[in-house]
Amino acid sequence: MKHEIVLESLSPTFPVAQANDLVIAKHTEPLTLREQKLILTAISLIRKDDIDLKEYEIHVKEFSKLLGLADAKYTEIHNITKGLMKKLIEIPTVDKQGKEVWETYHWVIESKYYPKEGRLLIKFSPGLKPYLIGLKETYTTYKLEYILGLKSTYSIRLYEICKKWIFHKRKIKVELKLLRDMLGATKKSYDKYSNFKKKLDESIDEVNNLTDIHISYVWYVNTKLDNFYKDCCLNSTGVK
């Protein structure tokens, strides 16, 4: 099947729209910072009236400029796409019988790299179509610019998750293990509460200082399980 190729200049004002189930998916094989930004940049090329996934073209110079970097080495971008094709994501959903299901997909099933032209083409897994195309309700959107300046993969994931929760206007309780999985904080060292709390605090500070939302939280502990109480609300300075 031939895929239409999206040829469009990148812009930090492009919206990144994802179904809520994709936003809260488990990143058990965490993306690197560059992989994460490349994926979200490609998602920003999807348009509201698209009826199918396409091939998304990204020029290395444009992508480097978007990230505020000196021109990245073309081989580096090629390696990023190869790394992306190995990464899996687990999405929570419900089947037709109402049973809870975790769907597992690769982010990318195909990439084409043109070294002499400094461009690449990315094709998302077909299974991601309902989470990226034809979104009408229960989805989260934000401007690409708000994640471009973040220096941590955890900060990006925290921003996305809290952006989804922002309109609940109440504290959202999340199991600590699930929160780590959603953030991609799967290193063994983060099993220790103090280590994870330090990283979480760093990510919250970065999100609060560099994006359009403000996050606060308190810990809630019961006798069976450490839970996490998060309060996510708009920054008092308003949307930038």
Side-chain angles (χ1 to χ4, degrees), residues 1 3 6 16-46 50 52-58 63 76-96 99-113 120-135 138-142 144 147 150 152-165 174-191 196 199-200 203 228:
M1 179 180 177
H3 284 252
V6 176
V16 178
Q18 305 169 76
N20 286 345
D21 285 346
L22 181 57
V23 171
I24 61 172
K26 290 182 180 180
H27 284 223
T28 48
E29 293 187 4
L31 301 175
T32 67
L33 186 62
R34 294 284 178 86
E35 288 171 349
Q36 209 166 17
K37 290 183 178 181
L38 186 62
I39 280 289
L40 296 174
T41 298
I43 291 175
S44 78
L45 295 173
I46 298 173
D50 286 347
D52 207 347
L53 290 169
K54 305 173 183 179
E55 285 187 290
Y56 301 95
E57 181 181 72
I58 295 177
F63 183 63
E76 180 184 1
I77 299 298
H78 189 204
N79 288 335
I80 291 173
T81 58
K82 287 193 293 184
L84 271 176
M85 294 184 68
K86 300 174 184 177
K87 299 296 177 69
L88 300 173
I89 185 168
E90 296 181 59
I91 305 173
T93 187
V94 177
D95 68 12
K96 294 180 180 180
K99 297 178 181 179
E100 181 182 355
V101 180
W102 284 91
E103 298 177 346
T104 303
Y105 300 105
H106 287 277
W107 276 105
V108 174
I109 60 162
E110 184 180 321
S111 69
K112 299 175 184 176
Y113 169 63
L120 59 91
L121 296 175
I122 290 178
K123 188 185 295 184
F124 288 108
S125 293
L128 295 180
K129 178 180 176 178
Y131 304 103
L132 296 172
I133 298 293
L135 304 178
T138 62
Y139 70 94
T140 299
T141 184
Y142 57 84
L144 181 63
I147 62 92
L150 299 177
S152 163
T153 60
Y154 308 123
S155 298
I156 293 177
R157 287 295 295 137
L158 188 65
Y159 173 78
E160 290 187 308
I161 294 164
C162 289
K163 192 72 173 179
K164 169 194 176 296
W165 286 337
V174 183
E175 291 181 5
L176 180 57
K177 175 63 168 62
L178 179 58
L179 180 64
R180 288 201 300 261
D181 286 343
M182 288 192 296
L183 293 181
T186 57
K187 293 180 181 178
K188 188 68 177 176
S189 60
Y190 291 138
D191 288 346
F196 179 68
K199 180 56 65 176
L200 181 66
S203 298
F228 181 71

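Sequence positions, counted from 1, serve as the residue numbers for this chain.
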Test of understanding: with salt bridge (Lys or Arg N to Asp or Glu O under 4.0 Å), list the residues that count as partners of Lys87, not counting sequence neighbours. Glu35
Tyr190: partners by ring-ring contact (aromatic ring centres under 6.0 Å, His included), with sequence neighbours left out: Tyr154
Locate the shortest heavy-atom distance separating Thr41 from Ile58; write the atom from each residue and the value. CG2-CD1, 4.2 Å
Over all atoms of both residues, closest heavy-atom pair of Phe124 and Ala42: CZ-CB, 3.7 Å
Is there a side-chain contact between Leu31 and Ile156 (heavy atoms, below 4.5 Å)? no
With the side chain counted from C-beta on, respond yes when Tyr131 and Thr93 share a heavy-atom pair under 4.5 Å apart, and no when they do not. yes
The test is side chain to side chain contact (heavy atoms under 4.5 Å, CB included); show your working for Leu88 and His106 and say whether it passes. CA-CA 4 Å; Leu88 300 173; His106 287 277; 3.3 Å; yes
With sequence neighbours left out, the residues meeting salt bridge (Lys or Arg N to Asp or Glu O under 4.0 Å) with Lys199 are Glu202
With a 4.5 Å heavy-atom cut-off, do Leu22 and Thr140 have their side chains touching? no
Of the non-hydrogen atoms in Leu128 and Leu53, which two are nearest, and what is the gap between them? C-CD1, 4.4 Å
Does the side chain to side chain contact (heavy atoms under 4.5 Å, CB included) test come out yes or no for Thr81 and Leu38, once each step is laid out? CA-CA 9 Å; Thr81 58; Leu38 186 62; 3.9 Å; yes
Within this structure, what is the CD1-CG distance for the pair Ile91 and Asp21, rounded to the nearest 0.5 Å? 7.5 Å
Residue pair Leu84 / Ile39, side-chain heavy-atom distance below 4.5 Å: yes
Student check: side-chain heavy atoms of Ile46 and Tyr56 closer than 4.5 Å: yes
Hey, could you give me each pair passing salt bridge (charged side-chain N to carboxylate O under 4.0 Å, His left out) that has a residue in residues 102-113? Not counting sequence neighbours. Glu55-Lys112, Glu110-Lys112, Glu110-Lys123
Given side chains that start at C-beta, do those of Leu144 and Lys37 come closer than 4.5 Å, heavy atoms only? no
May I have the list of side-chain donor-acceptor pairs in residues 181-189 shorter than 3.5 Å, sequence neighbours left out?
unit_1	atom_1	unit_2	atom_2	d
Asp181	OD1	Lys177	NZ	3.1
Asp181	OD2	Lys177	NZ	2.8
Lys188	NZ	Asp191	OD2	3.3

Contact check, side chains of Ile89 and His27, non-hydrogen atoms, under 4.5 Å: yes
Which pair of non-hydrogen atoms, one from Leu40 and one from Val16, has the smallest distance, and what is that distance? O-CG2, 3.8 Å
Under 4.0 Å between a Lys/Arg side-chain N and an Asp/Glu carboxylate O for Glu160 and Arg157? yes
I need the minimum non-hydrogen distance between Ser152 and Leu33, along with the two atoms involved. C-CD1, 3.7 Å
Evaluate the side-chain proximity of Gln18 to Leu132: yes if any heavy-atom separation is below 4.5 Å, no if none is. yes
Provide the closest heavy-atom pair for Glu90 versus Trp102 in the form atom of the first, atom of the second, distance. O-CZ3, 3.6 Å
For Tyr142, all residues meeting ring-ring contact (aromatic ring centres under 6.0 Å, His included), sequence neighbours excluded: Tyr159
